[in-house]
Amino acid sequence: MDNRFKWLSILLQLLVFIPGAASCYLSAKKQMKFTPGKTAVLCAALLLPYSLVFAALHVLLDIDTYVMFLPSLILFFFLYRRTVSLDLPRALAIFTGVCAIGTFPAQFAYSLDAALHPASGAANLSPEGALFQLVLSFLLLTTFFYPATRHFSRAVDTLDVPKVWHSTTILSSLFLIFNILAVPRSYSTLYAGRMKWLFPVFEGVALAVLVAIYLLFYQGSIVILEHTALKERARLLEIQSHQYHALQEHMRQTARLRHDFRHSVRLLASLAEHDDIDSIRKHLAEYQVSIDDNIIVNYSKNAALNALFGYYQEMASSADIETDWRIVLPDPLPFPELDMAALFGNLLENAIAGCRTLPSGPRYFCLTAEIRHGNRLYVVSTNNFDGNVKKDKAGYRSTRHNGVGTGLASIAAVAEKYGGAAKASNNDREFFVDVVLKL
């Protein structure tokens, strides 16, 4: 092939990186560290010089393109990880999935090129074949644009089950490796027997199977998320039940206090007749303590959230944790009850668990929740802890198990769902969580 056609062919093949890169970010649109424009500039700054070197090696040194594509994937994955806030399992699953899908346009292009240039091979893909590959790549990008941005992104944002993402990566890798091994170095192999038409048919079936697997994965992730939501509802109902029994006990206690009140009045009257001021003061102090012990605080007009706060307040008291909570939520709630229960439930549970890591000494947990600037809900949490944290590039890891801190991930997911953000930080004594949600 003439060098001019080689340059044209390789440049067309390198343009496939554009739909490939775009596909990687579609499902991770909410996890991008930078704006789409800045991300595009960063990718272009790497891809342009890399493409020139890639093309020069192919044309001048006659190095096969599919040999150079493999190390390219490692470089591109490194770039992808630097531009998204995803943990390794999710980032790897998206990247290998896009790469696996991206090999099919190349296979169909080889099949067309074999019909046009039977004496050639995949290492010398013609400009016509390269253009066909590029068109198919953009068609796949257009086809998957809506489901990736509207549906698969939901699974990426909320499904924090590493085993599921590892399984997806393995399946995608199998298809990716198979297509790499199936590349016809010489088109003469496609003219043996019925391979000329079996090859594209088989690739078409494999593509359909891979897409079906991804759809099943999405349906499975929805089932997992719905099951998680049901567990959250059941947990909230259990908390409400606990609070209901606490309220019943409170009513019994106050009924007893009301019954005993007339006896206290008689006693106070008798003490007053004898000018026994010290005894009156002592009796009033004891009565005040008995009243304070039976006060139930209303944190919110929403019954479910009020039960949630009451439940964790009781838990904090039993763990000798001093609480300073200033919670001012509007009525009615501007957000779904279940999302607010997930946000505050994880926040309260994590903070109390952090306080419990202190073997001795004062434990404290401060929480503020209020509407500011008319259209923002600000939540600020501070608790002391033993200073032990696990953290990597993806964020905080759980200290109770090997994996991502699901509580913080859930808080961040709720915040991002309503156009806000959540930030966790710490020093050697205190842990901080700041959350903002847009109304």
Side-chain angles (χ1 to χ4, degrees), residues 29-33 35 85 153-154 156-160 225 228-233 235-237 239-240 243 296-316 321-355 364-385 395-396 404-426 430-439:
K29 60 178 184 177
K30 293 183 180 179
Q31 307 293 335
M32 294 173 64
K33 291 182 179 179
T35 63
S85 301
S153 61
R154 178 188 172 191
V156 171
D157 296 336
T158 56
L159 185 62
D160 186 22
L225 292 174
T228 303
L230 287 174
K231 285 178 64 178
E232 191 66 31
R233 288 183 185 277
R235 177 168 169 255
L236 187 56
L237 287 173
I239 289 173
Q240 285 181 287
Q243 193 69 3
I296 290 184
V297 181
N298 285 317
Y299 296 97
S300 170
K301 292 183 179 180
N302 180 274
L305 285 186
N306 195 58
L308 184 78
F309 289 125
Y311 176 80
Y312 282 105
Q313 173 64 63
E314 183 181 333
M315 185 182 294
I321 299 171
E322 181 183 347
T323 57
D324 180 12
W325 295 357
R326 295 186 295 275
I327 301 165
V328 183
L329 298 176
D331 182 42
L333 284 174
F335 308 103
E337 182 181 274
L338 191 61
D339 286 339
M340 290 297 93
L343 189 152
F344 284 109
N346 283 297
L347 200 61
L348 294 165
E349 185 175 7
N350 281 1
I352 292 173
C355 290
Y364 58 86
F365 172 23
C366 303
L367 176 67
T368 301
E370 59 185 353
I371 301 294
R372 298 180 190 169
H373 311 301
N375 63 346
R376 299 285 192 278
L377 172 63
Y378 286 88
V379 182
V380 180
S381 170
T382 304
N383 65 274
N384 60 345
F385 75 122
Y396 285 95
V404 179
T406 53
L408 289 175
S410 178
I411 292 168
V414 173
E416 290 169 4
K417 182 178 179 180
Y418 299 103
K423 180 183 178 182
S425 58
N426 71 281
E430 294 178 317
F431 197 90
F432 314 96
V433 180
D434 299 295
V435 184
V436 59
L437 288 78
K438 293 181 181 179
L439 300 184

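A quick note: this is a predicted structure, and the numbers were derived from the prediction, not measured. All values below were derived from every heavy atom in this structure, side-chain atoms included, with hydrogens, water molecules and symmetry-related copies excluded.
The minimum heavy-atom distance linking Y364 with E430 is given by the pair OH-OE2, 2.5 Å. Heavy atoms only, all atoms of each residue included: Y312 and I352 are closest at O-CD1, 3.4 Å.
The side-chain contact (heavy atoms from CB on, under 4.5 Å) check on K29 picks up T149, S153, with sequence neighbours excluded. Not a single salt bridge (Lys or Arg N to Asp or Glu O under 4.0 Å) links E416 to another residue, sequence neighbours left out. Under the side-chain hydrogen bond (donor to acceptor under 3.5 Å, both in side chains) criterion, Y418 pairs with D339, sequence neighbours left out. Partners of A422 under the side-chain contact (heavy atoms from CB on, under 4.5 Å) rule, at least two apart in sequence or in another chain, are I411, A412, A415, V435. Residues meeting the salt bridge (Lys or Arg N to Asp or Glu O under 4.0 Å) test with R326, sequence neighbours left out: D324. For A369, the side-chain contact (heavy atoms from CB on, under 4.5 Å) partners two or more places apart in sequence, or in a different chain, are I327, L329, F344, V379.
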*May I have the step-by-step check of side chain to side chain contact (heavy atoms under 4.5 Å, CB included) for L437 and M340, ending in yes or no?*
CA-CA 11 Å; L437 288 78; M340 290 297 93; 3.8 Å; yes

*asked:* As a quick check of understanding, evaluate side chain to side chain contact (heavy atoms under 4.5 Å, CB included) for R372 and V436, giving each step before the final call.
replied: CA-CA 10 Å; R372 298 180 190 169; V436 59; over 6 Å; no

_Evaluate N426 against F385 for side chain to side chain contact (heavy atoms under 4.5 Å, CB included), listing each step before the verdict._
CA-CA 10 Å; N426 71 281; F385 75 122; 4.1 Å; yes

*Quick one: do N383 and N350 satisfy side chain to side chain contact (heavy atoms under 4.5 Å, CB included)? Show the steps, please.*
CA-CA 9 Å; N383 65 274; N350 281 1; over 6 Å; no

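The distance from atom NZ of K438 to atom CG of N375, rounded to the nearest 0.5 Å, is 8.5 Å. In this structure, the separation between OG on S425 and CG on D434 is 6.0 Å, given to the nearest 0.5 Å. A distance of 15.5 Å separates CD in E314 from CZ in F309, rounded to the nearest 0.5 Å. Atom SG in C355 sits 12.0 Å away from atom CZ in F431 (nearest 0.5 Å).
Counting heavy atoms from C-beta on, the side chains of F335 and L377 come closer than 4.5 Å. Looking only at side-chain heavy atoms (C-beta outward), F365 and E322 stay at 4.5 Å or farther from each other.
Checked options V433, T323, L348; the residue passing with L367 is L348 (criterion: side-chain contact (heavy atoms from CB on, under 4.5 Å)).
Atom CD of E370 is surrounded by more than 12 heavy atoms from other residues, nucleotides or ligands within 6.0 Å.
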